[in-house]
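To start, the structure itself, in structure tokens.
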Amino acid sequence: MKRAAVFFFYDKDGIVDRYIPFLLDQMIPFLNRLMIVVNGKITNESKHIFDRYARIPSLEYELLVRGNNGFDVWAYKEAIEKMGWDSIISYDELILFNFTIMGPVSSFAEMFNKMEHQEVDFWGITVHYGVGYDPSNCNPYGYLPVHLQSHFVAFRKKLTSHSVFQRYWEDMPPIHSYEESVGRHESYMTKYFSDQGFRWMSYVDSENLSVYTPYPLFDLPDIMLRDRHCPIFKRKNCFINLEHFLQRGGSASASARLLTYLKQNTDYDVGMIYENIVRTCCQWEYEPHMNIIRLQPSPLEATCNAKIAVFLNLGEYAAAIDWKRYEASLQKLSQLEIIECRNGKKNWENLFTGAAANFEKYDYVFVVNPCEIHTFDKFAMMEQVEKALELFFGSAEKLNGILQVMKNEPYIGLAGALRPLSAFRPLQSMWRDACQKYFQGLEGLKVGENDLPCGSGIGIFCVRTQALSKAVPQLMSLCPDYDGRMLEQLLAVLMQSQQQMTIEFASEADLISEYWAAQQLIKNTGIGIVESSTSVQLNAKRHLGLGRIRVVFSALFCNDREARQRIHNRLSAYWAYYRAKHRYDKGTPGGT
């Protein structure tokens with residue numbers, strides 16, 4: 001078949017990340033013409049990435065940069081007008097697709113070979129099965145019909161040459177919002193053309209999944225890829241607002257399952273996902289979805305061939321913590337150096353000066369610089385410090401396991417311990433103060449005073465020095481009088497500007513503890529987990545509790561099967577005990 005395609009692209013910064021040319025490269029063998037439409041700006045470097053398609057002899061290529069208005073719908077409309085109907089109907093198919101999909105995880109050849117032999121007038125990759133109401137409040141049908149999803153739709157000549165199709169685009173009203181884009185185009189188009197007698201189908205057959213969800217590609221992405229051979233997945237799986245799941249009472253583990261499947265069963269470079277999401281989203285948006293919280297990796301006997309430094313400043317904890325015990329367990333690591341930095345509380349600069357100033361000669365730096373979290377009593381803080389030390393330095397094998405994760409995933413710049421739920425409120429307050437003092441009006445960093453970055457706030461973490469070498473000068477410039485609190489969060493934000501992600505490690509016991517802390521938080525609000533799916537207002541405490549449960553289960557989904565089973569068994573035992581105790585208390589005089 002002779003095919004023309006319009007690819008719609010938008011990025012707030014005008015940057016084309018690697019997943020875009022990977023997607024386009026896999027499409028090129030099936031295209032004769034490609035027009036790329038950019039809404040808004042595009043950097044010179046990114047323009048060069050697109051312009052290389054002009055050097056392909058068999059491909060007619062054009063780049064159209066337009067104002068950022070009309071969303072995808074008017075980008076397609078303007079591209080169609082520029083092509084002209086005479087040119088469009090000279091092709092067997094016109095394909096409209098966009099940047100909101102990632103992939104392919106398998107070759108497009110199977111898809112095009114199958115669809116070429118289908119007697120249809122238009123087709124897409126996936127279907128949304130609709131709902132009985134209109135969430136966009138602007139669909140002409142008054143509800144959301146079954147429809148092909150507009151991230152990839154192909155129109156055959158029988159339709160593109162027809163006045164119905166041409167009038168559809170010529171009469172397209174202005175689009176002012178995402179809701180209008182869905183209501184007036186995406187969810188409307190399929191039924192409209194079908195009612196005019198045009199035949200359609202989707203490449204992926206997911207109809208029997210519609211009894212579970214109207215949106216299989218989003219809610220069941222691993223099943224769609226594994227069992228239905230869907231070649232693409234949605235970018236928004238990695239950052240959509242958590243309330244999308246919480247209001248429906250779901251566990252929201254779709255993104256975790258997706259990432260696990262991609263890592264374990266495909267050759268798709270998940271680094272392309274992390275690069276784009278970390279660059280474009282704040283940590284608060286992607287933290288629940290991107291496998292930020294990890295189960296403590298299995299101890300690894302083989303020594304990781306890396307140069308390591310430990311910047312040590314226990315401060316007032318030195319008298320209570322037996323550091324020698326941890327130091328002794330690390331003697332097996334020949335390339336590990338411990339550098340003590342003893343300079344009192346306001347010591348963050350001293351971590352990177354003096355003997356530690358040459359940190360760039362190491363591959364990884366472990367910072368042991370316990371900080372105070374106000375409202376935490378001494379015992380609670382000591383407990384968190386001990387947990388973090390045991391997590392990282394309990395044995396050489398534990399440290400090797402963590403280093404192996406850092407080595408295998410080069411997009412990780414900082415790894416800390418799990419932030420306890422009880423620390424969220426005080427850390428949020430401290431972060432708000434830091435934002436107002438240091439980041440007011442600062443552009444280029446994904447910073448929001450209500451968006452607490454990843455990190456425990458305890459002050460014990462590991463950093464990749466390649467990212468640290470750029471972050472430290474920025475930190476010294478932005479925060480010359482910084483008192484040392486929340487160093488972990490500040491570095492996490494600065495490293496994010498280098499497309500480096502922050503993760504948190506936790507033991508099985510800590511994950512279970514966090515699960516119960518979140519359950520208690522929800523219980524204390526007096527609100528059940530599942531409420532009406534329409535217009536639910538989640539209060540802050542409930543959102544925090546449900547969000548933490550969701551993040552905990554992300555960690556469980558993204559680690560080994562045996563660990564998941566152990567935690568499941570322990571949670572089941574706790575639930576059985578709780579139910580039995582509740583029944584006993586109700587049957588006991590004076591019980592509740």
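How far NZ of Lys47 is from CD1 of Ile36: 10.5 Å, rounded to the nearest 0.5 Å. We find the OH-SG distance between Tyr286 and Cys238 to be 11.5 Å, quoted to the nearest 0.5 Å.
With sequence neighbours excluded, the residues satisfying side chain to side chain contact (heavy atoms under 4.5 Å, CB included) with Cys230 are Ile125, Thr126, Val204, Leu217, Met224, Leu225, Ile232. In this view, Tyr129 and Ser206 satisfy the side chain to side chain donor-acceptor pair (under 3.5 Å) rule, not counting sequence neighbours. The salt bridge (Lys or Arg N to Asp or Glu O under 4.0 Å) search around Glu116 returns Arg3, not counting sequence neighbours. With sequence neighbours excluded, no residue satisfies side chain to side chain donor-acceptor pair (under 3.5 Å) with Arg184. Qualifying side chain to side chain contact (heavy atoms under 4.5 Å, CB included) partners for Asn265, counting only residues two or more places apart in sequence or in other chains: Tyr261. Scanning for side chain to side chain contact (heavy atoms under 4.5 Å, CB included) contacts around Gln499 gives Asp17, Glu275, Arg279, with sequence neighbours left out. Among residues two or more places apart in sequence or in another chain, the side chain to side chain donor-acceptor pair (under 3.5 Å) test is passed with Thr100 by Asn98, Lys234. In this structure Asp134 satisfies the side chain to side chain contact (heavy atoms under 4.5 Å, CB included) test together with Ser136, Asn139, sequence neighbours excluded. For Lys236, there are no side chain to side chain donor-acceptor pair (under 3.5 Å) partners two or more places apart in sequence or in a different chain.
Of the possible polar contacts, none joining the Gln404 side chain to the Pro297 backbone as a donor-acceptor pair under 3.5 Å is found. Counting only distance, with no hydrogens or angles, the side chain of Ser90 and the backbone of Ser87 share a donor-acceptor pair below 3.5 Å. Proximity of a side-chain donor or acceptor of Thr280 to a complementary backbone N or O of Asn276 within less than 3.5 Å is detected. Between the side chain of Glu186 and the backbone N or O of Ser181 there is no donor-acceptor pair closer than 3.5 Å. Formation of a donor-acceptor pair under 3.5 Å by the Thr465 side chain with backbone atoms of Asp363 is found in this model. Between the side chain of Arg228 and the backbone N or O of Ile223, no donor-acceptor pair lies under 3.5 Å. In this structure a side-chain-to-backbone donor-acceptor pair under 3.5 Å is missing from Gln500 to Gln496. Side-chain atoms of Glu504 come within 3.5 Å of backbone N or O of Gly455 as a donor-acceptor pair. Judged by distance alone, with hydrogens and angles left aside, the side-chain atoms of His147 form a donor-acceptor pair with the main-chain N or O of Pro145 at under 3.5 Å. The closest donor-acceptor contact from the side chain of Thr213 to the backbone of Ser210 lies at 3.5 Å or more, if one exists at all.
Under the salt bridge (charged side-chain N to carboxylate O under 4.0 Å, His left out) criterion, the residue pairs touching residues 29-39 are Arg33-Glu60, Arg33-Glu62, with sequence neighbours excluded. Counting only residues at least two apart or in different chains, ring pair (Phe, Tyr, Trp, His ring centres under 6.0 Å) contacts with residues 3-44 comprise Phe7-Phe97, Phe8-Phe99, Phe9-Phe50, Phe22-Tyr268, Phe30-Phe112. Evaluation of the ring pair (Phe, Tyr, Trp, His ring centres under 6.0 Å) test over residues 58-94, restricted to residues two or more places apart or in two chains, returns Trp85-Phe165.
Nearest heavy atom pair, residue Thr190 against residue Phe122, reads O-CZ, 3.8 Å. Of all the heavy atoms in Gly416 and Phe461, the pair that sits closest is CA-CB, 3.9 Å. Taking both residues in full, the closest heavy atoms of His229 and Tyr203 are given as O-CE2, 3.7 Å, listed atom of the first, atom of the second, then distance. Contact between Asn39 and Asn69 at its shortest, heavy atoms only, is ND2-O, 3.8 Å. Here the closest heavy-atom approach between residue Val65 and residue Gly40 is recorded as CG1-O, 3.3 Å. Pairing each heavy atom of Ser456 with each of Ala417, the nearest pair is CB-O, 3.2 Å.
Taking the charged nitrogens against the carboxylate oxygens, Asp219 and Arg257 have no contact shorter than 4.0 Å, which rules out a salt bridge. Ion pairing of Glu81 with Lys77 is present here, as a side-chain N (NZ or NE/NH1/NH2) and a carboxylate O approach within less than 4.0 Å. The existence of a salt bridge linking Glu409 and Arg294 is confirmed by a sub-4.0 Å separation between a basic side-chain nitrogen and an acidic carboxylate oxygen.
With respect to His185, the ring-ring contact (aromatic ring centres under 6.0 Å, His included) criterion is satisfied by exactly one of Phe193, Trp169, Tyr178: Trp169.
The environment of Asp267 atom CG is sparse: at most 12 non-hydrogen atoms of other residues, nucleotides or ligands sit within 6.0 angstrom.
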